[in-house]
Amino acid sequence: MPPARFASGTASLASAGPHAETRRSRATVLAIVIGLLGLAAVGVGCYELLVSIDVFQAAVGREPFVHREFVILVVVGTLAVLAAVGLSIRGAVVSRPRWLPITVLVLSLVLPLPVAVIALAAGGQELADRTIIQAQNLARDVNVVEDIDAEAVDRLYERFERFGISLPGRDEVREILTRNDEMTAEET
């Protein structure tokens, strides 16, 4: 073997320690990007899913109960986070050091639930506030309120509960609509 090759081969063998070789994987960078986009899609989708509901329009059948585009956004976001998990596993196998892909893996597994819970809580509160304001505004317009039955709104809230979603504001909306029904009955 020629001396130059032997010397370079010996040098690489001599420096082969636990931290001698650093390898980076493009999969880790891709996992970070896809994971962040997926988390954003889950958060925005969960929030908009609740905020887009118009309780009174859905109660009289003029608007769908759930907008499919936001359900699709949540599903696509979830699939993106799952892709980030797979890419971070690949990055952990290929990369040296492994701390970054393992961190991405752990965060991809842990973060979707808190993001969804926070987005659903914020969206639920926004939906409740808007629904109460709409009920108060509708209570002033007797012609519109006659089309909206308090029982129909109550059934809509029950549909949410069957899906495991307890929306705030149900009692306030029911009280406003019932009070208006009583006032209308007294006037006639």
Side-chain angles (χ1 to χ4, degrees), residues 31-85 88 103-186:
I32 292 170
V33 171
I34 290 176
L36 289 174
L37 290 174
L39 287 172
V42 167
V44 169
C46 287
Y47 178 81
E48 289 296 330
L49 182 66
L50 292 180
V51 170
S52 67
I53 297 170
D54 188 341
V55 173
F56 300 106
Q57 294 297 322
V60 294
R62 293 184 192 150
E63 192 172 295
F65 174 60
V66 174
H67 294 272
R68 288 190 178 115
E69 59 269 14
F70 299 121
V71 173
I72 292 170
L73 185 61
V74 171
V75 169
V76 168
T78 303
L79 292 175
V81 171
L82 286 174
V85 168
S88 62
T103 303
V104 173
L105 173 65
V106 170
L107 291 176
S108 296
L109 292 172
V110 173
L111 283 180
L113 183 61
V115 166
V117 167
I118 290 169
L120 288 172
Q125 188 59 50
E126 179 71 24
L127 173 62
D129 294 344
R130 186 173 39 100
T131 303
I132 291 169
I133 291 170
Q134 280 181 324
Q136 291 169 345
N137 291 339
L138 288 173
R140 294 183 192 121
D141 189 0
V142 177
N143 297 329
V144 174
V145 175
E146 288 175 357
D147 293 341
I148 299 173
D149 181 23
E151 295 300 321
V153 173
D154 208 31
R155 284 191 302 271
L156 185 67
Y157 274 98
E158 287 171 4
R159 284 179 66 187
F160 276 106
E161 288 177 357
R162 276 188 262 145
F163 287 106
I165 301 170
S166 178
L167 294 178
R170 178 180 186 171
D171 297 331
E172 292 90 346
V173 170
R174 186 150 178 55
E175 179 183 323
I176 291 168
L177 293 176
T178 305
R179 185 176 348 127
N180 192 51
D181 287 345
E182 291 169 1
M183 289 172 39
T184 306
E186 289 174 5

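All figures in this text were calculated on a predicted structure; none of them were measured in a lab. Values reported hereafter were calculated over all heavy atoms of this structure, with side chains retained and with hydrogens, waters and symmetry mates removed.
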Just verifying a value: how many Å separate Thr78 OG1 and Leu73 CG, rounded to the nearest 0.5 Å?
9.0 Å
Of the non-hydrogen atoms in Gly43 and Ala119, which two are nearest, and what is the gap between them?
O-CB, 3.2 Å
Backbone N or O of Ile53 within a donor-acceptor pair of the Arg130 side chain at under 3.5 Å?
yes
Heavy-atom closest pair (Ala41 atom, Gly77 atom, distance to 0.1 Å) is CB-CA, 3.6 Å
Could you tell me the separation between the CG atom of Leu49 and the CD atom of Glu69, rounded to the nearest 0.5 Å?
9.5 Å
Minimum-distance pair of heavy atoms, taken over all atoms of Leu50 and Gly124:
CD1-N, 3.5 Å
Minimum heavy-atom separation for Pro112 to Val81, with atom names?
CG-CG1, 3.5 Å
Going by the side-chain contact (heavy atoms from CB on, under 4.5 Å) test, name the single residue among Val104, Ile34, Leu105, Leu107 that passes it with Val85.
Leu105
Hey, could you give me the CG/OG distance between Leu39 and Ser108, rounded to the nearest 0.5 Å?
7.0 Å
